[in-house]
Amino acid sequence: MNQTSTMDEAPESLKDSLPLSVERLGEMTSQEVDDLPYGFIMLDEEGVVLLYNRYEQRMSRLPSARVVGRNFFQEIAPCTRVEAFLGRFRALAQEPPGATDRFAFRFHFLHGAQDVFVQLARAPVNRVFMTVHRVPIQRDEHERPATIRHERDRGRLNGPLGAMFPLAWDQVAALLARVGQSAARDLGRGVGRRIAGVAESTVVEAGAAALDKAPVLLAVGALDQALAELGMGRLAADFCANPPRVACFVRPPVESGSVELSAFYEGVLEMAISAALNAAHVARCIEGTDLAALPWRFVVVPIERAHELRSLEGERPDDLAKRFGLLESGSGAADRGTTAAS
């Protein structure tokens, strides 16, 4: 996620649908809250989610069961840990009931960017009401739709990885095609180690002891944020304990892919997920040679189950997706018919 400029007044398009008063919101039943035409989140003073209405579940593509009881700023939306969002929340939490604050923000999800207008309202009994209005994204007429955080730098790797690959993505793809799938996967493993290190710094800053000790949502969010900030696309993932596997969805910053590039991301995911779970894993892209549709779907399993992936050669991608739960995943992408974590 990324934050845009703040503002105190709602856009003209929202003038007729501003949130209800604190008093009225506090009196509403759960059904009435679910029927609101905008997102409604109730937090305690520490930022723990106490209520997450149906509209917000649908728009964020996160079910209430995965959100309620978790810290919004640390586990659900770690990119809101900025002064323009978390700082304003903390300041409002110290105000008397009835105090409000309003500002604009931009979330970046796997399924695309979304501008929102947020209103925070200090409620009684140590609560804060957050209402979230979706607004159309304002773009320059020449700007392409954003799929990664640094839109104008989408053609290059950023940060420390940019020093490793001072190339545009089309050049990276051409290089990988020359070295072949095996070398591309090995290269991805090296990059995956770097990404895990970047993600570890994020979760430690958020209060976790290490990447593999962090709550799942925080770990996934940190890995996604690391990929986005390094210019490598977006990641969503669902962890399943029985049988153990991780369903991953990657949206690389390319217009078209290759089997070598998908092998590169297999290496990235093997190392990143292994670090997140503190156990060796192997990854496989199930798309085969059909890499036109985004996001790409990956299955990541413990290394002792690697033979299961090798035995699936020749199966159709959608059949594999059903077998491994990638179509019904809680963290996928809009054009696959699944959902994505923010």
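Numbering of residues begins at 1 and proceeds along the displayed sequence.
With hydrogens and angles disregarded, a donor-acceptor distance shorter than 3.5 Å links the side chain of E266 to the backbone of C285. Under the 3.5 Å distance criterion, the side-chain polar atoms of D212 are left unmatched by any main-chain donor or acceptor of A275. Distance alone, capped at 3.5 Å, is enough to place a donor-acceptor pair between the R122 side chain and the A93 backbone. The main-chain N or O of R102 is found under 3.5 Å from a side-chain atom of R88 such that the two form a donor-acceptor pair. Using a distance-only test at 3.5 Å, with no hydrogens or angles considered, a donor-acceptor pair links the side chain of N71 to the main chain of E46. Side-chain N or O atoms of N126 include none that pairs as donor or acceptor with a backbone N or O of E45 at under 3.5 Å.
Between R297 and E287 there is a salt bridge, since a side-chain N of the basic residue sits under 4.0 Å from a carboxylate O of the acidic one. Between R245 and D238, none of the side-chain N atoms (NZ, or NE/NH1/NH2) sits under 4.0 Å from a carboxylate O, so this pair counts as no salt bridge. Ion pairing between a basic and an acidic side chain is recognised when a charged N comes within 4.0 Å of a carboxylate O; R284 and E270 show no such pairing.
Within the 4.5 Å cutoff, the side chain of Q181 has heavy atoms near those of the V259 side chain. Residues V282 and V301 have side chains in contact (heavy-atom distance under 4.5 Å, counting atoms from C-beta outward). In this structure, L269 and L235 have side chains that are in contact, with non-hydrogen atoms separated by less than 4.5 Å. D115 places none of its side-chain heavy atoms less than 4.5 Å from the side chain of R134. Between L261 and W296 the shortest side-chain heavy-atom distance falls below 4.5 Å. Between V191 and M232 the shortest side-chain heavy-atom distance falls below 4.5 Å. Counting only heavy atoms from C-beta outward, the side chains of I273 and C248 approach each other to under 4.5 Å. Under the 4.5 Å side-chain criterion, counting only non-hydrogen atoms from C-beta, V33 is not in contact with M42.
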If you apply the rule side-chain contact (heavy atoms from CB on, under 4.5 Å), what do you find for Y38 with T131, and how did you get there? CA-CA 7 Å; Y38 47 79; T131 54; 3.6 Å; yes
Before you tell me yes or no, could you show the steps for L50 and V68 under side-chain contact (heavy atoms from CB on, under 4.5 Å), namely the whole-Å CA-CA distance, both residues' side-chain angles and the distance that decides it to 0.1 Å? CA-CA 5 Å; L50 305 175; V68 172; 5.9 Å; no
Give the C-alpha distance, both sets of side-chain angles, the deciding distance and a yes or no for side-chain contact (heavy atoms from CB on, under 4.5 Å) between Y52 and R66. CA-CA 10 Å; Y52 200 73; R66 295 183 61 191; over 6 Å; no
Determine, stepwise, if the pair H281 / R305 fulfils side-chain contact (heavy atoms from CB on, under 4.5 Å). CA-CA 9 Å; H281 282 66; R305 294 181 57 206; over 6 Å; no
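Considering every non-hydrogen atom in both L51 and F40, the closest pair reads CD2-CD2, 3.7 Å. When all heavy atoms of Y55 and P37 are compared, the pair lying nearest together is CE1-O, 3.6 Å. For the pair L223 and A199, the tightest heavy-atom approach, listed with the atom from each and the gap, is CD2-CB, 3.6 Å. Residues P295 and R251 come closest through the heavy atom pair CD-NH2, 3.9 Å. A pairwise comparison of heavy atoms in S262 and F298 identifies O-CE2, 3.7 Å as the closest pair. Looking at every heavy atom in both residues, L120 comes nearest to L92 through CB-CD2, 3.3 Å.
Around the CD atom of E32, the shell of radius 6.0 Å holds more than 12 heavy atoms that belong to other residues, nucleotides or ligands.
Between R185 atom CZ and R189 atom CZ the span is 6.0 Å, to the nearest 0.5 Å. Atom CE of M28 and atom CG of D35 lie 7.5 Å apart (nearest 0.5 Å). T202 OG1 to E200 CD: the interatomic distance, rounded to the nearest 0.5 Å, is 10.0 Å. Distance check, rounded to the nearest 0.5 Å: CZ of R58 to CG of N53 gives 8.5 Å. Interatomic distance, CG of L43 versus CE of M130, reported as 4.5 Å (0.5 Å rounding). Interatomic distance, CG of D34 versus CZ of R54, reported as 4.0 Å (0.5 Å rounding).
Residues V299 and M271 are members of separate hydrophobic clusters, defined by side-chain heavy-atom contacts under 4.5 angstrom among Ile, Leu, Val, Met, Phe, Trp and Tyr.
For the ring pair (Phe, Tyr, Trp, His ring centres under 6.0 Å) with F89, the lone residue among F103, F73, F105, F129 that qualifies is F73.
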